[in-house]
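Notes for the one structure printed next.
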Amino acid sequence: FNARSATPCLMSGQHVLNRSARTALYLVIVMLFALVPISSSDDISTLQEIPSPNRVSSQMYDYQIYVTSPNSTAGGDGFLTTREPTGGGQKSIVVSEETAQFKSPRLLTDLFVEGYTSQIRINFWHTVESSNNGVNATYTFTLRHGNDVVGTTTERLPACVSTLFNPCSEIEDSAEITVPNGFTIPEDEQLILEIDADLEGCQDQDPGQGLPSTSCSATVFFNQIDGRTDYTKIEFKSNALSQSLLMVQRDGAELVDGNQFDWYPNDSPENRIMQFRFQVESAFGRFDINSVRLSLVDPSGVMKLDQPITGSLDGVDDTSWAISGLYDWEYSRGSMSPGEYLPSLEVTDIQGHTIVIEHEDLVMKQFGVSIQHGDDADRRVEYIAPSQITVIPLQLQHRGSSGQLDVELQVITNFNSNWNVSFDAPGGYLLNEGGAIVNPILTIESPQDLRYAPPQLVIRAVGEAIVDGSPEIVATE
């Protein structure tokens, strides 16, 4: 014979038996056991909205952006980075002769920046030197990204009179740029700081009596400042990891499948595997991330999972831009108490911030019921012959944590009077505790003529328990 296989249709929350016709001889029943709770027996094809990935909270952190030696990729006269300078010595630019331009790397994600009471601080080491008194320098600081100017400010400072035997030392000063509402640097753009200086009282002065003309300059120092423990830097508040994400899914799920929030302590092995999907990404680059740790905390505060995430784990990629991938964790049967569980990623960066990516609570259910084929959990096909009785063994399991369940199995499909479809216990089945299993028998007595057989056999399991002294439907499959 030549049977044409039917394509099963996933029916949300119900167990579906699809058929294919063997020409005039047999009816082929394809069984598909769904594992999604239902809301209505009439709405078996409703698509559920895919939950959004869980991301970092909107909390802002204090950042110091150091001006370090030039980076060939970023360009400019110096490099803006979260990494503290550790080598290369002191660098300088005479900003009274040319505009200094310091650039960050191209950002990997959008980055929102705000000031301290709307003020972004610029701490800078510099000298304003003159051979005579009466000279001042007006520094101009401009902060921008791309061609967009974020803000600008000026700072007027007096010169130090320098002589051959008494040169001027580097001094630290600060300026503030006002950004009332903060600003966002788009992905793939650079943060740019420009500094220049205009000198007053220095131009073409001739003291006369044969003395030399006044010489003066304004110089900015950066990278490692000689004999100092501080640096030229920008200070603001931000969250460079704000675009990182964490999802908890069924094993094998794709990104579009969304999060899985409901779990069962006594579920089948494949449904007790939590797939953690994550992407930890700093706007500044992979170098900004120091460590990543995945955790799962139970309702009493006990750490059920505490796993450092590194590139040495299967399924984890540690690249030049992010730490991302999948981590599977299987809990043992009956090991999880009912209640809410909090998954999270704890990320530390090179400046010592601890940033937590929190996921919405997972719920470990007290009550739950599952149904599958009794002989082989992977079996999906039954053959129905004309005018014959077909016996299909099933397995019914309490996959929740505890509590007695009275389960009624219902045949939702409408059969005409020529068919007889029944279970061996019409009054229902008793599951005494979490993990308990019973084996119902489904009997199908078919007519001689199979041409009008229904296209599907839909079975629903409804579990009832005593909750606060009253019977309540607590599980549907």
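A 4.5 Å side-chain heavy-atom check between Y66 and L80 finds every atom pair outside the cut-off. Counting heavy atoms from C-beta outward, V462 and Q410 have side chains that approach closer than 4.5 Å. At a threshold of 4.5 Å between non-hydrogen side-chain atoms, the residues E445 and W419 do not count as touching. Counting heavy atoms from C-beta outward, Y116 and E235 have side chains that approach closer than 4.5 Å. I273 has its side chain out of reach of W329: every pair of non-hydrogen atoms, C-beta onward, lies at least 4.5 Å apart.
Each of V347, L345, D306, V356 was evaluated against R293; a single residue qualifies, D306, per the side-chain contact (heavy atoms from CB on, under 4.5 Å) test. Under the side-chain contact (heavy atoms from CB on, under 4.5 Å) test applied with F141, the options T152, I120, I195, I234 reduce to a single match, I195.
Within 6.0 Å of atom CD in E346, 12 or fewer heavy atoms from other residues, nucleotides or ligands are found, so the atom counts as exposed in its surroundings. Annotation: N147, atom CG; neighbour count of heavy atoms from other residues, nucleotides and ligands within 6.0 Å does not exceed 12. Summarising the local packing, CG of D314 is surrounded by 12 or fewer heavy atoms from other residues, nucleotides or ligands at distances under 6.0 Å. When the shell of 6.0 Å around CD1 of I473 is examined, it contains 12 or fewer heavy atoms from other residues, nucleotides or ligands.
Under 3.5 Å, the side chains of K233 and Q64 contain a donor-acceptor pair of N or O atoms. Neither side chain, T68 nor T81, offers a donor N or O lying under 3.5 Å from an acceptor on the other. A side-chain donor-acceptor contact under 3.5 Å links Y231 and E84. One side chain, T178 or Q119, offers a donor N or O that lies under 3.5 Å from an acceptor on the other. With 3.5 Å as the limit, one finds no donor-acceptor pair spanning the side chains of Q243 and E281. Using a 3.5 Å distance cut-off with no hydrogens or angles, the side chains of S387 and Q448 do pair a donor with an acceptor. Remark: the E194 side chain and the Q101 side chain contain an N/O donor-acceptor pair separated by less than 3.5 Å.
A salt bridge does not link R272 with E270: every distance from a Lys NZ or Arg NE/NH1/NH2 to an Asp or Glu carboxylate oxygen is 4.0 Å or more. Classification of R250 and D257 as a salt-bridged pair fails, no side-chain N sitting under 4.0 Å from a carboxylate O. Between R106 and E189, no side-chain nitrogen of the basic residue sits less than 4.0 Å from a carboxylate oxygen of the acidic one, so the salt-bridge criterion is not met.
With hydrogens and angles disregarded, no donor-acceptor distance shorter than 3.5 Å links the side chain of D267 to the backbone of R399. Looking only at distances, no side-chain donor or acceptor of W321 sits under 3.5 Å from a matching main-chain atom of D318. D77 places no side-chain N or O within 3.5 Å of a backbone atom of P70 that could act as its donor or acceptor partner.
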_Step-by-step side chain to side chain donor-acceptor pair (under 3.5 Å) determination, T319 to D317_ = CA-CA 6 Å; T319 68; D317 293 323; over 6 Å; no
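A distance of 10.0 Å separates NE2 of H145 from CG of L111, quoted to the nearest 0.5 Å. Atom CD in E254 sits 8.0 Å away from atom CD in Q249 (nearest 0.5 Å).
In this structure, H359 has its ring center no closer than 6.0 Å to that of F278. Aromatic ring centres of H353 and Y63 lie closer together than 6.0 Å. For F183 and F112, the distance between ring centers is not under 6.0 angstrom. Remark: aromatic rings of F222 and F102 are close, center separation under 6.0 Å.
Summarising the geometry of F367 relative to S402, their closest heavy-atom pair is CE2-O, 3.5 Å, with the distance given to 0.1 Å. Taking every heavy atom of both residues into account, A175 and T153 meet most closely at CB-CG2, 4.1 Å.
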